[in-house]
Number of protein chains: 2
Amino acid sequence: MLTYEEMQYFAAFAQYGTLTEVAEKYTISQPTITRAMKKAEETFGVPLFNRTRNSIALNDNGRLAAEEIRLLLKQTDEMVDRVRSYDRASRTISIGTAAVIELPGLISRISRAFPQKAIVSEPGLPADLERGLTEDRYQLVILPYDLSSKKGKKGQTSEFYAKAIGEEHLLFYLPVHHRLARRKKLKLADMNGENMLLFSDIGFWSEIVHRKMPDSRVLMQNERYTFRELIENSVLPCFVTDLSLKGMKDITGRTAVQITDPEVNVTYYLTCRRNMLYQLQAVFA
Amino acid sequence: MLTYEEMQYFAAFAQYGTLTEVAEKYTISQPTITRAMKKAEETFGVPLFNRTRNSIALNDNGRLAAEEIRLLLKQTDEMVDRVRSYDRASRTISIGTAAVIELPGLISRISRAFPQKAIVSEPGLPADLERGLTEDRYQLVILPYDLSSKKGKKGQTSEFYAKAIGEEHLLFYLPVHHRLARRKKLKLADMNGENMLLFSDIGFWSEIVHRKMPDSRVLMQNERYTFRELIENSVLPCFVTDLSLKGMKDITGRTAVQITDPEVNVTYYLTCRRNMLYQLQAVFA
DNA sequence: ATGAATTACGGACCCCGTAACGATA
DNA sequence: TATCGTTACGGGGTCCGTAATTCAT
């Protein structure tokens with residue numbers, strides 16, 4: 001049977017057409033390539049080349065063999081990759097989160113539960129997180145709804161397990177002189193049409209906002225520090241969440257107003273597939 | 001990368017569980033197996049085994065790797081087989097035929113048209129032949145109908161090309177004293193209910209006979225010489241075809257009676273896929 | 001103490017590169 | 001004559017088997 005390298009030479013010959021080029025490409029001698037081609041022929045047991053005394057080219061068999069070998073090389077590489085990925089995944093817990101602000105203490109609690117594993121946390125939209133969870137790219141996801149009851153068909157237990165781990169509430173953050181700044185509560189619709197300043201890394205919130213305030217134009221800003229500067233020095237209304245406010249020192253001249261729409265007052269659920277529950281129970285305890 | 005042999009050793013270890021057994025199975029020394037396992041581990045770059053000083057077993061990675069390698073070995077074998085088959089097919093013309101009697105001169109004509117190719121002819125039922133033709137297991141098939149017009153969708157040219165190459169007619173072969181022996185023509189239905197002697201290797205004819213003579217019982221005989229003996233020494237009616245009669249010397253005390261049902265008076269069509277027509281034109285000329 | 005895997009070591013063989021050769025354009 | 005493929009040859013490295021070692025049952 002051909003070695004991996006010999007298969008590479010063969011595939012390369014199909015691509016380049018001359019043994020010399022292949023030898024140069026791999027910085028080895030031509031005789032080695034000649035020998036590899038001979039070995040290919042004897043491995044398959046059928047003629048693969050049309051030869052004259054000083055030229056060599058693939059025949060029909062050879063063209064098929066080259067295609068097949070190219071595929072086998074690919075399959076080989078992918079096979080190795082799969083094993084490596086499996087190993088990597090076994091040493092890693094991947095967490096996908098819809099919450100922009102890191103939920104306090106969660107990562108450290110997980111990392112204490114699995115001291116030998118690396119914790120990888122990445123943000124994403126709920127739909128992507130759900131997909132990632134079912135495709136085993138995430139062991140845990142944080143969703144702004146209870147997936148275990150959402151997908152549960154009549155009485156039969158859901159494929160997912162979810163546990164509430166915190167709340168987050170979107171607020172209007174208005175200049176004190178804004179016409180609505182002194183209200184206790186507002187609906188998103190009350191601000192529809194007003195231009196808003198938006199921190200672009202706002203995740204799943206933005207979809208809701210666009211839907212409920214279709215007439216508002218939004219000024220995006222994706223640099224966190226600049227965003228804060230803008231808030232302090234402009235009179236444009238903007239959004240904040242209670243969680244993000246907690247870590248920030250107060251901004252004078254702005255006041256937070258509660259929004260009553262239920263969609264923007266979410267409970268986060270730490271979610272996993274039920275078949276992983278046993279291994280992850282320490283996280284939910 | 002692992003060699004084919006090293007992959008075999010690894011797969012075998014997954015099966016047998018000890019290096020010693022693998023070494024015995026392949027009649028080589030244990031150290032060779034040890035080294036192959038080390039090389040596997042270094043190729044994948046991840047731990048594959050749980051080891052103590054004198055025991056070794058696959059871990060989770062190893063079990064996956066073994067499964068993957070088993071698959072890759074299979075893919076490798078199949079790849080080589082495909083190339084070999086392709087070569088073999090390129091040196092062979094495979095003919096499938098629904099005609100039980102070899103059509104005179106056809107094989108020799110084909111073999112003269114392709115002197116460098118081997119001709120393989122095998123009998124089959126029309127449905128199998130059609131499938132074999134579309135799946136390239138046959139380059140030519142002989143069918144008792146015109147496939148090119150049968151499958152031709154409204155105006156658009158068929159995928160197949162067919163040319164009539166001969167006829168065959170099923171006949172009743174009756175003892176001269178049979179009550180219907182003196183008729184010029186009969187229908188299958190006229191004999192329905194009578195027990196018939198049947199040469200079992202009768203191919204597609206038998207389906208028609210069973211359908212048109214559902215009340216007849218048939219006595220099968222698959223030994224050609226015995227069949228002839230039976231005909232000569234019994235008064236059971238039976239079938240023959242005009243083509244098969246031609247090669248036989250007459251049997252006294254039997255007379256052939258024409259059957260008028262169109263289904264048992266067939267024209268044979270030599271059929272190929274249209275994309276092969278150019279290479280096969282000599283056969284049809 | 002038997003049987004397992006690993007390590008050590010020596011030799012054979014394989015495989016590669018250099019060089020020479022042959023053929024073709 | 002320059003280029004390409006094949007053949008010849010020699011040396012180094014690799015790979016295998018034997019034997020010794022270590023550990024566990």
Side-chain angles (χ1 to χ4, degrees), chain A residues 1-63 65-66 69 72-73 76 80, chain B residues 1-63 65-66 69 72-73 76 80:
Chain A
M1 181 56 57
L2 299 177
T3 68
Y4 186 86
E5 288 75 19
E6 287 163 338
M7 292 198 230
Q8 286 186 307
Y9 301 157
F10 189 80
F13 175 67
Q15 187 179 349
Y16 297 127
T18 74
L19 303 188
T20 307
E21 265 184 280
V22 176
E24 283 167 5
K25 210 71 189 177
Y26 287 93
T27 55
I28 55 175
S29 65
Q30 290 101 331
T32 300
I33 308 296
T34 293
R35 286 186 283 259
M37 299 303 108
K38 282 202 192 308
K39 187 168 167 194
E41 235 172 354
E42 107 192 6
T43 298
F44 284 104
V46 304
L48 299 174
F49 305 99
N50 292 324
R51 304 165 191 264
T52 70
R53 204 42 212 262
N54 74 338
S55 82
I56 181 171
L58 293 176
N59 64 14
D60 284 351
N61 290 337
R63 274 184 287 275
I69 279 183
L72 191 68
L73 285 169
T76 304
V80 173
Chain B
M1 181 54 58
L2 299 176
T3 67
Y4 185 86
E5 287 75 19
E6 287 163 340
M7 292 197 228
Q8 286 186 307
Y9 301 156
F10 189 81
F13 174 68
Q15 186 179 347
Y16 297 126
T18 75
L19 303 188
T20 306
E21 266 183 280
V22 177
E24 283 166 4
K25 210 70 190 175
Y26 287 92
T27 53
I28 54 174
S29 65
Q30 291 100 331
T32 300
I33 308 296
T34 294
R35 286 187 282 260
M37 300 302 109
K38 281 202 193 309
K39 187 167 167 196
E41 233 170 357
E42 106 192 7
T43 298
F44 283 105
V46 304
L48 300 174
F49 304 99
N50 293 325
R51 304 164 191 265
T52 69
R53 195 52 204 265
N54 73 338
S55 83
I56 180 171
L58 293 176
N59 64 15
D60 284 352
N61 290 337
R63 273 183 288 275
I69 279 182
L72 191 69
L73 285 170
T76 304
V80 173

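When reading the values below, keep in mind they use all heavy atoms of this one structure, side chains included, and skip hydrogens, waters and symmetry mates. Each chain gets a letter, A, B and so on, in the order the sequences are listed, and its residues count up from 1.
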Could you list the residues that satisfy salt bridge (charged side-chain N to carboxylate O under 4.0 Å, His left out) with Arg63(A), not counting sequence neighbours?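 Listed in chain order: Asp60(A).
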
So, using salt bridge (charged side-chain N to carboxylate O under 4.0 Å, His left out) as the criterion, who are the partners of Arg51(B) when residues are at least two apart? Glu41(B)

Provide, to the nearest angstrom, the distance between the NZ atom belonging to Lys25(A) and the P atom belonging to dC4(D).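 Answer to the nearest Å: 15 Å.
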
Between [X] and [Y], which heavy-atom pair has the shortest distance, and what is it?
X	Y	answer
Leu48(B)	Ala65(B)	CD2-CB, 4.0 Å
Ala36(B)	Leu2(B)	O-CD2, 4.4 Å
Asn61(B)	Pro47(B)	ND2-O, 2.9 Å

Could you work out, with side chain to side chain contact (heavy atoms under 4.5 Å, CB included) as the rule, every residue matching [X], not counting sequence neighbours?
X	answer
Thr52(B)	Asn54(B), Ser55(B)
Glu5(A)	Thr3(A), Gln8(A), Tyr9(A)
Thr76(B)	Met1(A), Leu72(A), Tyr4(B), Leu72(B)
Asn50(A)	Asn59(A)

Check DNA chain D against residues 42-61 of chain A and give the residues with a non-hydrogen atom under 4.0 Å, in numerical order.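 Only Arg51(A), Asn54(A), Ser55(A), Ile56(A) qualify.
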
Can you say whether the rings of Phe10(A) and Phe49(A) are parallel (under 30°), tilted (30 to 60°) or perpendicular (over 60°)?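 Aromatic pair Phe10(A)/Phe49(A) classed perpendicular.
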
What is the first contacted nucleotide of DNA chain C and what is the last, in 5' to 3' order, if contact means an atom lying under 4.0 angstrom from a heavy atom of chain A? dC16(C) to dT24(C)

Among residues 10-21 of chain B, which residues get a heavy atom nearer than 4.0 Å to DNA chain C?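 Thr18(B), Leu19(B), Thr20(B) - these, ordered by number, are the residues of the stretch whose heavy atoms sit under 4.0 Å from the strand.
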
At under 4.0 Å between heavy atoms, how does the protein contact nucleotides 12-18 of chain D? Give one character per nucleotide, 5' to 3', with B, S or -. ----BBB

Spatial distance of atom OG1 (Thr43(A)) from atom NZ (Lys38(A)) [nearest 0.5 Å]: 13.0 Å

Under 3.5 Å, which donor-acceptor pairs link side chains of residues 13-30 of chain A to any protein atom two or more places apart or in another chain?
from: Thr18(A); atom 1: OG1; to: Glu21(A); atom 2: N; distance (Å): 3.1
from: Ser29(A); atom 1: OG; to: Thr32(A); atom 2: OG1; distance (Å): 3.1

Using five base pairs at each end, measure the axis-to-axis angle across the helix from dA1(C)-dT25(D) to dA25(C)-dT1(D) and round it to 10 degrees. 20°

